[in-house]
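What follows is one structure encoded as structure tokens, with my remarks underneath.
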Amino acid sequence: MNIHELIRDLREPAKTKIVLLVADGLGGLPLEPGGLTELETARTPNLDACAKAGVTGLSTPVLPGITPGSGPGHLGLFGYDPLEYQIGRGILEALGINFQVTARDVAIRGNFCTLGADGKITDRRAGRPTNEKNKAAVEKLRTITIPGVELFVEPVKEHRFVLVIRGDGLGDKVNDTDPQAVGVAPLKAEGADEPSKRTAEVVNQFIAAAVKVLAGEGAINGATLRGFATYPKIATFHDVYGLKAAAIAVYPMYKGLARLVGMDILDPGQTLQGQVDTLSKVWNDYDFFFLHYKYTDSTGEDGNFAAKVQMIEQLDAVIPEIQKLKPDVFIVTGDHSTPSKMKSHSWHPVPTLLCADMCRTDEVAEFSEKACLRGGLGQFQAMHLMLLAMAHAGRLGKYGA
Ligand SMILES: O=C(O)[C@H](O)COP(=O)(O)O
């Protein structure tokens, strides 16, 4: 029996409500050994109060030492084994902008990037352009045609876009052309089987044409691709947990993840306050609420320690508004760590707190990496968090006689 079968067996209806607040890339590192992390530096009176009232721990997104992307990081938090459900980033990004992916599509996540005269990447994100600059560059990419396939290019946000290649006999076992590093040239696409070789041929032609059409777009003069994916088979959140779930996210990729597992995608606008207002507005319509907060991740990836501290403090300020709704289970965690010191995601376990009437509280009175290490949840796998959420929500019956 696997976890989803167990949950389907044990789940019981209830009127309880669960809020899962994901601060993307929450975990961090001190800049100097013995120093404080971003979370430990931030003033977080409300998160500290939640940690004191609840139970805390450290979640391991995939396995010890494994650095997850946001895709596997969130699928784990939703209770899907990230080793079993390897969903390409392309599908998540496409679903995030509500692109209607068909069985003949390969969906791919794109980055506008900056290339030096030597063809090497100098900025993987082309300076995080405005959405307007992104749209203008997408219009240029839309002029590219390749015989035998249909191409769809859609803007996402800042440096992000989606490429969908539609045709017959295409495969998604293609390597990323994004080396996820600067100072090196984008990689050539290669396919691991015949259908994927066909996809790789199209991709290499597309990237060569992209450099030509993007000339003169300033910092945007190249494109990299990653997360090639065809539409996966995956059980919905309702099918597994029997929960009516709402996703309240600003960035498309996280809407895509939620859409992939069948959550209702709400549109909170572009601000954290808009997300909290939306939560309050639909409070009576759902059992489960996934709130996503992006800026603890992007500031970490930019290596901006002070900005990440500020983003954490901004998040802390809205916690009382969420608590006013009296969630039966309130969880704050992250999908992975993104230490500013590393300017990237990392494998470090993620601070997690869970508030619920039936939780067994611990001695922890602050929300931080060090404090959560002493928490009553201990160190646990992120994919088990939903079991804890369901149990504390009174939604799991007894296992066995
Ligand atoms: O922000 C995102 O899309 C990802 O978390 C990081 O992707 P990037 O490193 O290509 O910006």
Side-chain angles (χ1 to χ4, degrees), residues 22-28 38 61-62 66-77 82 87-97 99 107-115 121-131 133-134 137-138 154-163 175-187 207 210 219-220 222-229 249-260 270 292-304 307-308 311 333-348 350:
V22 178
D24 203 304
L26 177 63
E38 299 92 330
V62 181
I66 300 298
T67 294
S70 284
H74 276 86
L75 283 174
L77 290 175
I87 316 286
R89 184 62 182 262
I91 280 287
L92 303 178
E93 214 76 48
L95 292 177
I97 54 172
F99 184 93
I108 311 160
R109 154 68 186 265
N111 270 27
F112 288 115
C113 66
T114 307
L115 302 174
I121 298 168
T122 57
D123 183 342
R124 284 193 55 250
R125 305 181 181 107
R128 287 188 190 271
T130 63
N131 293 337
K133 282 207 164 60
N134 179 316
V138 161
E154 298 296 336
V156 176
K157 202 175 176 68
E158 296 173 337
H159 54 292
R160 307 170 184 85
F161 67 90
V162 166
L163 168 66
N175 63 286
D176 295 350
T177 72
D178 182 348
Q180 301 259 4
V182 293
V184 291
L187 304 170
I207 289 294
I220 298 179
T224 60
L225 300 172
R226 70 178 196 255
F228 293 70
V250 169
Y251 274 67
M253 139 83 173
Y254 311 96
K255 295 180 181 180
L257 269 162
R259 186 173 273 122
L260 180 72
Q270 295 298 310
H292 179 266
Y293 185 64
K294 173 68 182 173
Y295 308 106
T296 33
D297 178 52
S298 47
T299 48
E301 284 171 334
D302 289 345
N304 192 333
K308 183 168 176 179
M311 293 302 115
T333 188
D335 54 338
H336 51 76
S337 290
T338 304
S340 316
K341 180 175 184 177
M342 295 176 65
K343 294 188 177 181
S344 69
H345 298 193
S346 79
W347 61 93
H348 300 91
V350 186

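In each ligand, atom 1 is the first atom listed, and ligand 1 is the first ligand listed.
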Yes or no on side-chain contact (heavy atoms from CB on, under 4.5 Å) for R160 and R125, after CA distance, side-chain angles and deciding distance? CA-CA 8 Å; R160 307 170 184 85; R125 305 181 181 107; over 6 Å; no

Can K343 and T338 be said to form a side-chain contact (heavy atoms from CB on, under 4.5 Å), step by step? CA-CA 7 Å; K343 294 188 177 181; T338 304; over 6 Å; no

For ligand 1, the residues whose heavy atoms come within less than 4.0 Å (ordered by chain, then number):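 Residues near ligand 1: R89, R109, N111, R124, R125, H159, R160, R226, Y254, K294, D297, E301, H345.
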
Side-chain contact test, heavy atoms from C-beta onward, threshold under 4.5 Å: evaluate it for W347 versus V62 and give yes or no. no

Measuring from atom CG of L115 to atom CD1 of I121, what distance do you get when rounded to the nearest 0.5 angstrom?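 L115 atom CG to I121 atom CD1 measures 6.5 Å (nearest 0.5 Å).
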
Short N-O contact, D178 and R109, less than 4.0 angstrom: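 Looking at R109 together with D178, the answer is no, because their closest N to O distance does not fall below 4.0 Å.
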
Indicate, with yes or no, if the rings of Y251 and H292 have centres closer together than 6.0 Å.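 Not under 6.0 Å, so no.
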
